[in-house]
Amino acid sequence: RRFERVLDHLDAMLLEFDGEGRILYVSSNVSQMLGYAPEEIRSMRRFEWIHAEDVAQILGLARELANAGESADASYRARHKQGRWLWLEMSASSSVMADGTIRTLAFVRDVTRARQAGRALRITEDRFSAMAENAADLISEIAANGRLVYVSPNCESLMGVPAEALLGRRIDDPEIQERLHPDDRGALNALATLPFTSGAEAQIEYRYRHGDGSWRWFETKGRSYHTQ
């Protein structure tokens with residue numbers, strides 16, 4: 001029972017397999033994770049509760065663990081008793097028992113929410129990239145130390161220099177300052193040092209020398225925020 005309580009605290013379940021891949025033991029908290037009682041899992045046909053597209057991966061993992069002392073990790077989908085699919089992450093290792101047989105122990109965690117959050121973040125990032133690449137305005141992000149950590153791809157059409165030439169540079173970098181009109185350098189530097197209070201805003205106008213040598217007027221609006 002003490003070991004079961006540890007598994008509950010870790011939000012993980014434990015499975016034990018024999019050398020043929022048959023399930024010998026399932027911790028009781030499988031019911032919280034997948035909705036099945038341990039005896040239901042043990043009585044299922046092999047891979048019955050694994051998504052069909054992930055069976056090949058699990059078979060490959062089983063082959064890796066056929067030799068004692070091996071370890072392997074896998075992420076796969078498992079069917080909850082209610083029918084929905086969950087993403088599970090498994091870390092397994094094999095060992096030899098006193099009778100010479102091989103046993104595999106696998107710790108399994110539910111990572112469905114983490115994967116969904118990651119997917120939502122990727123979608124958000126893709127949308128932002130699409131907007132930034134097609135926007136008429138230049139979009140940039142400046143870290144607290146004044147370093148440019150993001151510059152939208154349309155930088156080259158607006159300023160005459162590729163975004164890659166500015167990324168990683170500080171606003172006070174000589175190459176950037178040299179392109180700023182001498183009368184306007186103070187204004188842009190002030191924008192780069194907005195107070196660390198989240199929500200501080202500023203708006204400035206300045207002249208910047210385009211890659212073709214001409215001076216261009218820019219209006220920039222900035223707003224500070226905390227990343228965490």
Side-chain angles (χ1 to χ4, degrees), residues 1-133 141 149-150 225-228:
R1 293 299 302 165
R2 182 181 298 172
F3 186 66
E4 296 273 354
R5 287 196 295 270
V6 171
L7 290 173
D8 288 338
H9 180 71
L10 295 175
D11 196 22
M13 67 176 180
L14 176 68
L15 295 96
E16 183 181 22
F17 303 88
D18 66 12
E20 302 300 320
R22 291 185 293 264
I23 298 176
L24 303 176
Y25 170 80
V26 186
S27 57
S28 61
N29 59 349
V30 66
S31 58
Q32 283 79 47
M33 188 177 295
L34 295 174
Y36 300 101
E39 55 272 19
E40 290 180 288
I41 291 289
R42 290 196 300 270
S43 64
M44 285 183 179
R45 296 191 306 273
R46 195 180 187 194
F47 306 130
E48 181 180 348
W49 52 298
I50 305 298
H51 195 287
E53 294 178 2
D54 299 329
V55 169
Q57 179 192 190
I58 299 301
L59 283 171
L61 182 142
R63 285 192 292 269
E64 288 183 48
L65 296 168
N67 298 314
E70 296 295 329
S71 60
D73 301 321
S75 294
Y76 61 95
R77 286 159 289 185
R79 189 182 64 247
H80 191 278
K81 190 173 184 177
Q82 294 179 347
R84 66 181 183 274
W85 291 99
L86 302 176
W87 274 101
L88 304 182
E89 186 175 81
M90 178 170 66
S91 296
S93 59
S94 58
S95 59
V96 179
M97 306 301 289
D99 60 2
T101 58
I102 293 179
R103 294 286 186 271
T104 296
L105 286 178
F107 284 90
V108 181
R109 296 188 305 118
D110 181 357
V111 294
T112 306
R113 289 186 179 179
R115 289 186 70 101
Q116 289 173 341
R119 182 174 181 275
L121 178 60
R122 287 192 297 273
I123 291 173
T124 300
E125 290 175 342
D126 289 344
R127 286 174 177 166
F128 175 78
S129 296
M131 288 188 292
E133 289 172 9
E141 184 178 17
V149 295
Y150 176 80
Y225 69 96
H226 291 295
T227 56
Q228 293 181 347

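The shown structure was predicted, so the numbers you read here are calculated from the model rather than taken from an experiment. As a basis for the values below, the full set of heavy atoms in this structure was taken, side chains included, without hydrogen atoms, waters or symmetry mates.
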Contact list for residues 26-45, test salt bridge (charged side-chain N to carboxylate O under 4.0 Å, His left out), sequence neighbours left out:
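Output for this query lists E40-K81.
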
To the nearest 0.5 angstrom, please state how far the [atom1] atom of [X] sits from the [atom2] atom of [Y].
X   : Y    : atom1 : atom2 : answer
S43 : E48  : OG    : CD    : 8.0 Å
Y25 : R103 : OH    : CZ    : 15.0 Å
L59 : E64  : CG    : CD    : 11.5 Å
H80 : W49  : NE2   : CH2   : 12.0 Å
I58 : I50  : CD1   : CD1   : 5.5 Å

Who passes side-chain contact (heavy atoms from CB on, under 4.5 Å) against S91, sequence neighbours left out?
D73

Check [X] against [Y] and note the closest heavy-atom contact, atom names and distance.
X    : Y   : value
Y36  : I41 : CD1-CD1, 3.7 Å
A37  : V30 : C-CG1, 4.2 Å
S28  : P38 : CA-CG, 3.8 Å
S75  : Q57 : O-NE2, 2.9 Å
F17  : L24 : C-CD1, 4.1 Å
T112 : W87 : OG1-N, 2.8 Å

Would R77 and E53 pass as an ion pair if we require N to O under 4.0 Å?
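Answer for the salt bridge query: yes.
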
Hey, does [Y] have a side-chain heavy atom less than 4.5 Å from the side chain of [X]?
X    : Y    : answer
L15  : M90  : no
T101 : D18  : no
L88  : D110 : yes
I23  : E16  : no

Under the ring pair (Phe, Tyr, Trp, His ring centres under 6.0 Å) test, residues paired with H51 that sit two or more places apart:
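Testing H51 for ring pair (Phe, Tyr, Trp, His ring centres under 6.0 Å), a comparison that skips the adjacent residues, returns W85.
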
